[in-house]
2 protein chains.
Amino acid sequence: MTANKSSYHHGDLRSSLLEAAKAMLSESGIEGLSLRKLADRVGVSRTAPYHHFKDKNELLCAIAEEGFEHWHNNAEQIFSQNGLTTKQKYHQFFQGYIGYAAENPEMYDLMFGRTIWKQNSATNDLRDIAYPSFQRQVEMTKKWQEQGLMPVEEDTLRLAQVTWGTMHGIARLLIDGIYADRSHIDEMCTCAVNLFTRE
Amino acid sequence: MTANKSSYHHGDLRSSLLEAAKAMLSESGIEGLSLRKLADRVGVSRTAPYHHFKDKNELLCAIAEEGFEHWHNNAEQIFSQNGLTTKQKYHQFFQGYIGYAAENPEMYDLMFGRTIWKQNSATNDLRDIAYPSFQRQVEMTKKWQEQGLMPVEEDTLRLAQVTWGTMHGIARLLIDGIYADRSHIDEMCTCAVNLFTRE
DNA sequence: CACACATCTTGACAGCGTCAAAATAAGACT
DNA sequence: AGTCTTATTTTGACGCTGTCAAGATGTGTG
């Protein structure tokens, strides 16, 4: 169906746009990412991107998709590690989450920020990737309860919402530069894990 | 020095602008609040606001100031209540925080969102109001530790960051419409309070 | 070889924040 | 009083943004 590369006028505009857009995103954030500057950077006219993305929103969603994939692989990797107690793994997962947000603040802002999720502007493709990620959080919480790491008295869904909410909140405080800074990451994570886990 | 009211051309443009801006904010969010539409709404020309606010940013900061004041009074009121245990008060504080965010999502987004805090764009006036609010959070946490509500083993600052982070995170998940919705508020708050408090 | 289609460009429009310069009205001073 | 200074508001303009409509250009298929 679709040729692999170097066909048509530009070659593979769509992925070139995505790559450049990701770079611009991490350089200057969502606000600083304009379609016109993006087109300029790739070397095409202002409206060329519109033949590959219906909207600026659709472009942003496509970028976020890649972010979720990368994020998912990251979490998977941590959990497949051996020789760690459940609590150590959870600690590492927690720290990994905050670390990802701190190192990719603009991407995190895009993935979990209101630009996309506020007014239901998320693409179907993005939902298909993001929702399972949210669901996985609940499943993992259930396991943590069964393994005695987290209190079984609490409803699993609520517990998942609260623990993820904590990670999300700390991440946001960090990347929005309010009240907390990077040098506190490790201590904050340890503190949170202590509060959430028994033993 | 400055006349109280009904002097000059318009009367009291500054407060008229602020009031209209607050209305527009809650109607259509930060993104939907444009200086031009604001001026139009108040009945002045597009650049009139610039003699009362240097920037759009400065206007936003002025709005946020009012938000912090209202928010501060709200918290004060809860703590001055009698006939409640420490835990009940904390529960109510927690719920009040989330409730405020859920009922004033756009104002909360302005007060604690990246628009203002990201690139150090907060006004000095705003800082003077906001920073003590953050500080108060730490002091209250210290009291909660002393009263045996929260673990004394944890560093007060970290504990404050984590507990506030949790409130902030849940608030953001709610108002950004991701993963949680309003009907879960009470249960989430109870769950979080259970995790954070002893006894 | 021609036709259809995907792709890209040019032109245009409305909206935004903001600056400069001109117009207007109020208060202060002699 | 009247003049002057100063605060306030307006008009005009600039560059930026996202996006639509129409035209130009190249590619793959029949």
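These numbers were taken from a predicted model, which means no experiment stands behind them. Lettering follows sequence order; numbering is per chain, from 1.
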- Note on the structure: Those residues at least two apart in sequence (or on a different chain) that pass salt bridge (Lys or Arg N to Asp or Glu O under 4.0 Å) with A:Lys87 are none

- In whole angstrom, what separates A:Leu35's CG from C:dC8's C1'? 15 Å

- Qualifying side-chain hydrogen bond (donor to acceptor under 3.5 Å, both in side chains) pairs, either residue in residues 31-40 of chain A, two or more places apart: none

- Provide, to the nearest angstrom, the distance between the CG atom belonging to B:Leu17 and the P atom belonging to D:dT8. 12 Å

- By side-chain hydrogen bond (donor to acceptor under 3.5 Å, both in side chains), B:Arg182 pairs with (sequence neighbours left out) none

- Query: Who are the side-chain hydrogen bond (donor to acceptor under 3.5 Å, both in side chains) partners of B:Asn194, not counting sequence neighbours?
  - Reply: A:Glu154

- Verify the ring-centre separation between A:Trp71 and A:Tyr97: is it less than 6.0 angstrom? yes

- Atom-pair distance (NZ on A:Lys37; C1' on D:dG18), nearest Å: 13 Å

All N/O donor-acceptor pairs, side-chain side in residues 135-143 of chain A, below 3.5 Å, sequence neighbours left out:
residue: A:Arg136; atom: NH1; partner: A:His72; partner atom: NE2; Å: 3.1
residue: A:Thr141; atom: OG1; partner: A:Gln137; partner atom: O; Å: 2.7

- Which residues in residues 109-120 of chain A have at least one heavy atom lying under 4.0 Å from any atom of DNA chain C? none

- To the nearest Å, how far apart are B:Asp40 CG and D:dT10 P? 11 Å

- Under 3.5 Å donor-acceptor pair, A:Arg36 side-chain atoms to D:dG18 base atoms: yes

- Message: Going by the rule ring pair (Phe, Tyr, Trp, His ring centres under 6.0 Å), which residues pair with B:His70 if we only count those two or more places apart in sequence or in a different chain?
- Response: B:Tyr100

- Task: Sorted by first residue and then second, give each salt bridge (charged side-chain N to carboxylate O under 4.0 Å, His left out) pair with at least one member in residues 53-73 of chain A; sequence neighbours left out.
- Result: A:Lys22-A:Glu66

- Query: Are A:Trp117 and B:Tyr179 near enough that their ring centres are under 6.0 Å apart?
  - Reply: no

- Task: Any pair with a residue in residues 97-125 of chain A that passes salt bridge (charged side-chain N to carboxylate O under 4.0 Å, His left out), sequence neighbours left out, goes on the list, sorted by first then second residue, please.
- Result: A:Glu106-B:Arg114, A:Asp109-A:Arg172, A:Asp109-B:Arg114, A:Arg114-B:Glu106, A:Arg114-B:Asp109, A:Arg114-B:Asp176

- Task: Please list, by residue number, the residues of residues 18-34 of chain A whose heavy atoms come closer than 4.0 Å to an atom of DNA chain D; answer none if no residue qualifies.
- Result: A:Leu33, A:Ser34

- Residues of residues 46-59 of chain B with any non-hydrogen atom less than 4.0 angstrom from an atom of DNA chain D: list those, numerically ordered, please. B:Arg46, B:Thr47, B:Ala48, B:His51, B:His52

- Task: Report the residues that fulfil side-chain hydrogen bond (donor to acceptor under 3.5 Å, both in side chains) with A:His52, sequence neighbours left out, ordered by chain and then residue number.
- Result: none

